[in-house]
Structure formats: structure tokens, C-alpha cells
Amino acid sequence: MTSGAEPGNGHEEREERGDPGLGAIMSERRRLINLGYRLLGSLADAEDVVQETYARWYAMSVREQQAIESPGAWLMTVASRICLNLLGSARARRETYVGDWIPEPLPEPREWTDASPGAGGTDPADRITLDESVTMAFMVVLDVMTPAERVAFVLHDVFRYPFGEVAEIVGRTPAACRQLASSARRRIRTAQTPAGPSAGQAGIVRRFRTAWEAKDIDALIGLLDPDATATADGGGLAVTHLHPLVGGERIAHAYAEIARVSGHRTTFLECTVNGRPGLVAQQDGAIATVFAFEIAGDRIRHIWAVRNPEKLRPWRLG
């Protein structure tokens, strides 16, 4: 993907005319990608938002650009408003989505597919900062918020925007935005469980992988919370269960059957998914599924399995 800010698109001419802070403008790209992913849950959509944001910047004359006191703040404001509009239409699109929609999983930065012009890859400079605000559990909660809640919360609590500036973007009063962010925090507190040390989580995921490969149903049941849920996203492009599996025993039997059917064609690899320990299923040399986990104590509370190939494009073999 290109941003409209690639060399050879008239930028040399703009620099000669005194284009204000080209380097500074383009240095905002990573921040914009990080904003877009947190607001939309899709790297592809975030890239489209950044492209549109830069297109609007470069549609202005140099005089208009020079009149903007803080170009970085202008870019963030425009990107946020585009995301807010997209969030409103996304709900209608989800009604026709086949099965459950799961946010696009993110690999470790070193595992991202490098970009080449026109190849549709991911520019290494655009890698998402992996922190608590992009864990899969966190992203899933964000996805059930209203568009205004999500934008207000992400801008204020993640990007530290004052409510006065959030209000200008969302089109509400500062007091209303404060209430939106407060409501979003309550949703997160209700839905999330305290996370244990990463090393402990990795150990649980490793034991799950071992039991899964061995088709050891009893061991799987022992690693799953009795009320665990497993959700899959194939988007109609990959075979998977269309509705969440509920209950540790049911999940254990279903996953053991998956291992039996896939046989020796599938290899499970331990990896990092959205900053937390996860698994990748590789079939015939290609990544077929990315698994993210929510772990409470020493049990797996939730499994998210992303099989939609359109959501796996940043991944490659480690």
C-alpha cells in the first residue's frame, strides 16, 4: 500500500515550493496507523484511513498547509473523524459477515511481512506498538462499544488527548466525552480479568499445544476454564465453526477432533499474538490460523481463532 506520499508523486516539486515539514508529516504515519488499528480493529482499514488522511493533506495548497499550526495534530484529528465515520458503517457491514468477526491479529514486529511497493505488504515503519491496549481481549471489548465511546476512550485513555480536543473530534461536549470514556472503562473492567505474568501464560499455552497435538482430551479440559469460550473467524473464506463453542469440555472435544482431522498436515508454532502468548497453525507450509488466548489464573478463559486469510496477510514464517 502506498500513502499518496511516495517519492515521484510530485513531492520533489512541493519541497522546492517550500512544502512545510515533509519529514515531520511523514513521521506521523506510524502514530496514525496505531490510532487506526485501535479504533477499527483492522490493519487494512487503518492503512486505508492513513492513505485518505494524507490524501486530504496533500490536496491542500502549500499556503493552506503552512497555516496549520500543528500538522501532526491536524492529521490525528482528520484520521479520528474518518475512523468515527467508518465505525458507524462497520456495524451494518458486520450484519452480512459470515460467522463471528474478530479483530485482525498482530504478530511480533520482527514477524511482520516486509513491504515492497505495490505488493500490498506491511511497511516495517508502520508496525503497531504492542501494549495492553492491543491485546485481543482488549480489542474485543473495544469492538462492542459505540463508535463515540470507542473514539473518546482511545483518544483520551490511550493517546492522552484532553477531553476538550476529544469533544471537537467526536462532536460532543467535553462533559459528554468524559462520560463516554467512563462508560468505556466500565465495559473493560467488567469484561477483562487480571493477566498473569507473560512467562506463566506462555507456559499454559505451551501445555495446551502439547495436549492438543497429543489429542489428550483430559489434559485439554484441565487447561480450560469450565466456562471457557472459543470463537472462530473464517469470514466465509475458510472452514470453521460459525458459532462460539462454550464450555471447556466441549472445546476440548472439538479441538481434539480438529487435530485428528488435520493430522500431520498441521504444525503448531508458539508465537506472540497482539503482545500475548499465542499459537499459529501452519498447514502445508502456509499459515492457516492464528490463535489468541485470554488466560485467567492457570486456566484458558477464551480462545480466538482467526482463519480469514484476509486478516493473516501481515504474518509470515518465523
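This is a predicted model, so every value here is computed, not measured.
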Give a yes or no on whether the backbone of [Y] and the side-chain of [X] come within a donor-acceptor separation of less than 3.5 Å.
X      : Y      : value
Asn274 : Val134 : yes
Trp212 : Tyr255 : yes
Arg150 : Arg38  : yes
Arg31  : Met76  : no
Tyr54  : Ile25  : yes
Tyr37  : Glu47  : no
Glu64  : Ser61  : yes
Arg30  : Ser27  : no
Gln179 : Ala176 : no
Thr190 : Arg186 : yes

Quick one: are [X] and [Y] in side-chain contact, heavy atoms under 4.5 Å?
X      : Y      : value
Pro174 : Val166 : no
Val49  : Leu39  : no
Lys311 : Trp101 : yes
Gln283 : Ser262 : yes
Leu312 : Val290 : yes
Leu279 : Val205 : yes
Arg299 : Pro226 : yes
Pro107 : Val273 : no

Arg172, CZ: over 12 other non-hydrogen atoms inside 6.0 angstrom: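 Counting other residues, nucleotides and ligands, CZ of Arg172 stays at 12 neighbours or fewer.
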Heavy-atom count around Glu69 CD within 6.0 Å, excluding the residue itself: above 12?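 It does not: Glu69 CD has 12 such atoms or fewer within range.
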Say whether Ser133 and Asp131, considering side chains only, have a donor N or O and an acceptor N or O under 3.5 Å apart. yes
Exercise: do Gln282 and Thr267 side chains pair donor with acceptor under 3.5 Å: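 No pair is found: no donor N or O on one side chain lies under 3.5 Å from an acceptor on the other.
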Compute the ring centroids of Phe293 and His302, then answer whether they are less than 6.0 Å apart. no
With the threshold set at 4.0 Å, does a side-chain nitrogen-carboxylate oxygen contact exist between [X] and [Y]?
X      : Y      : result
Glu257 : Lys215 : no
Asp225 : Arg301 : no
Asp233 : Arg307 : no
Asp216 : Arg207 : no
Arg276 : Glu132 : yes
Asp143 : Arg94  : yes

Atom OG in Ser183, atom CZ in Arg178: separation rounded to 0.5 Å? 14.5 Å
With the 4.5 Å side-chain cut-off for hydrophobic clustering, are [X] and [Y] part of the same group?
X     : Y      : value
Ile68 : Ile82  : yes
Tyr97 : Leu142 : no
Val50 : Met60  : yes
Val98 : Trp304 : no

Starting from Val239, walk the hydrophobic network (Ile, Leu, Val, Met, Phe, Trp, Tyr; side-chain heavy atoms closer than 4.5 Å) and list everyone else you reach, by chain and number. none
Linking Ile, Leu, Val, Met, Phe, Trp and Tyr by side-chain heavy atoms under 4.5 Å, what else ends up with Ile217?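 Members besides Ile217, by chain and number: Ile221.
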By salt bridge (Lys or Arg N to Asp or Glu O under 4.0 Å), which residues pair with Glu249, not counting sequence neighbours?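 Listed in chain order: nothing, the list is empty.
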